[in-house]
Amino acid sequence: EVQLVESGGGLVQAGGSLRLSCADSGFTFDDHAIGWFRQAPGKEREGVSCFSSSDGSTHYSDSVKGRFTVSSDSAKNTVYLQMNSMKPEDTAVYYCAAEVGPCTDYWFDINDYEYWGQGTQVTVSS
């Protein structure tokens with residue numbers, strides 16, 4: 001059974017940083033993608049980034065490009081989302097998701113992922 005567990009959310013001031021973690025277990029495929037999504041109150045869930053385990057390639061949404069960085073520690077089966085220069089509009093519940101295979105051209109689409117974590121709240125105060 002595949003399980004994804006996010007951690008690292010919290011409250012941060014604008015301009016500050018947070019690092020989210022997504023620990024995955026139960027994957028029998030070495031080649032998989034980990035996507036990060038976020039959902040603010042009253043808004044649709046939006047794709048933030050995607051990481052391909054096969055080659056380490058990454059994708060970012062325009063809203064976070066240059067501020068957020070995704071990385072991984074394969075020994076810990078964990079993918080990280082480093083969030084810098086945070087803005088109040090980054091406030092949301094952040095989710096990690098997984099799919100078999102690399103990030104696709106539709107990595108930002110929630111329907112591209114089969115497995116989801118429970119989410120972690122990130123709040124950025126102004």
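In what follows, every heavy atom counts, from backbone to side chain, and hydrogens, waters and symmetry copies are set aside.
Thr123 OG1 to Asp90 CG: the interatomic distance, rounded to the nearest 0.5 Å, is 11.0 Å. Taking CD1 of Ile34 as the start and SG of Cys50 as the end, the distance is 8.0 Å to the nearest 0.5 Å. From Glu6, atom CD reaches atom SG of Cys22 across 5.5 Å, with rounding to the nearest 0.5 Å. Here the straight-line distance linking atom OG1 of Thr69 with atom CG of Asn84 works out to 6.5 Å at 0.5 Å rounding. Remark: Glu99 CD to Asp109 CG distance equals 10.0 Å, nearest 0.5 Å. Rounding to the nearest 0.5 Å gives a distance of 13.0 Å between CZ of Phe51 and SG of Cys96.
Judged purely by atom type and a 3.5 angstrom limit, Ser49 has no side-chain atom pairing as donor or acceptor with the backbone of Val70. The backbone N or O of Gly9 lies less than 3.5 Å from a partner atom in the side chain of Thr120, making a donor-acceptor pair. A donor-acceptor distance shorter than 3.5 angstrom exists from the side chain of Thr104 to the backbone of Tyr106, with no hydrogens or angles considered. The closest donor-acceptor contact from the side chain of Ser53 to the backbone of His32 lies under 3.5 Å.
Within the 4.5 Å cutoff, side-chain heavy atoms of Tyr60 are placed close to those of Thr58. Residues Met83 and Leu20 are in side-chain contact: their nearest non-hydrogen atoms beyond the backbone lie under 4.5 Å apart. Between Val122 and Met86, the closest side-chain pair of non-hydrogen atoms falls below 4.5 Å.
Residues Tyr113 and Val93 share a hydrophobic cluster, clusters being chains of Ile/Leu/Val/Met/Phe/Trp/Tyr side chains in contact below 4.5 Å. Put simply, Leu81 and Phe108 are part of two different groups of oily side chains (I, L, V, M, F, W, Y) that touch within less than 4.5 Å, one to the next. If you chain together hydrophobic residues whose side chains sit under 4.5 Å apart, Tyr94 and Ile110 never meet in one group. Hydrophobic clustering, with ILVMFWY side chains joined whenever heavy atoms are under 4.5 angstrom apart, groups Val79 together with Phe68.
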Thr78 vs Asp73, side chain to side chain donor-acceptor pair (under 3.5 Å): CA-CA, chis, key distance, verdict:
CA-CA 5 Å; Thr78 299; Asp73 184 336; over 6 Å; no
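Summarising the geometry of Trp107 relative to Gly47, their closest heavy-atom pair is CZ3-C, 3.9 Å, with the distance given to 0.1 Å. Summarising the geometry of Ser52 relative to Cys103, their closest heavy-atom pair is OG-N, 2.8 Å, with the distance given to 0.1 Å. Of all heavy-atom pairs spanning Gln118 and Val5, the tightest one is OE1-CA, 3.8 Å. When all heavy atoms of Leu4 and Tyr115 are compared, the closest pair comes out as CD1-O, 3.5 Å. Of all heavy-atom pairs between Gln82 and Ser17, the closest is NE2-CB, 3.8 Å.
Applying the 6.0 Å contact sphere to CD of Gln121 captures more than 12 heavy atoms from other residues, nucleotides or ligands. Atom CG of Asp55 sits in a crowded spot, with more than 12 heavy atoms from other residues, nucleotides or ligands closer than 6.0 Å.
Between Asp62 and Lys65 there is a salt bridge, since a side-chain N of the basic residue sits under 4.0 Å from a carboxylate O of the acidic one.
Under the 6.0 Å cut-off for aromatic ring centres, Trp116 and Phe37 qualify, their centroids lying closer than that.
Using a 3.5 Å distance cut-off with no hydrogens or angles, the side chains of Ser63 and Ser61 do pair a donor with an acceptor. For the 3.5 Å distance criterion, the side chains of Arg19 and Tyr80 fail to qualify, holding no donor opposite an acceptor.
In this structure, Arg38 fails the cation-pi test against Tyr95, since its NZ or CZ atom is not both closer than 6.0 Å to the six-membered ring centre and inside 45 degrees of the ring normal.
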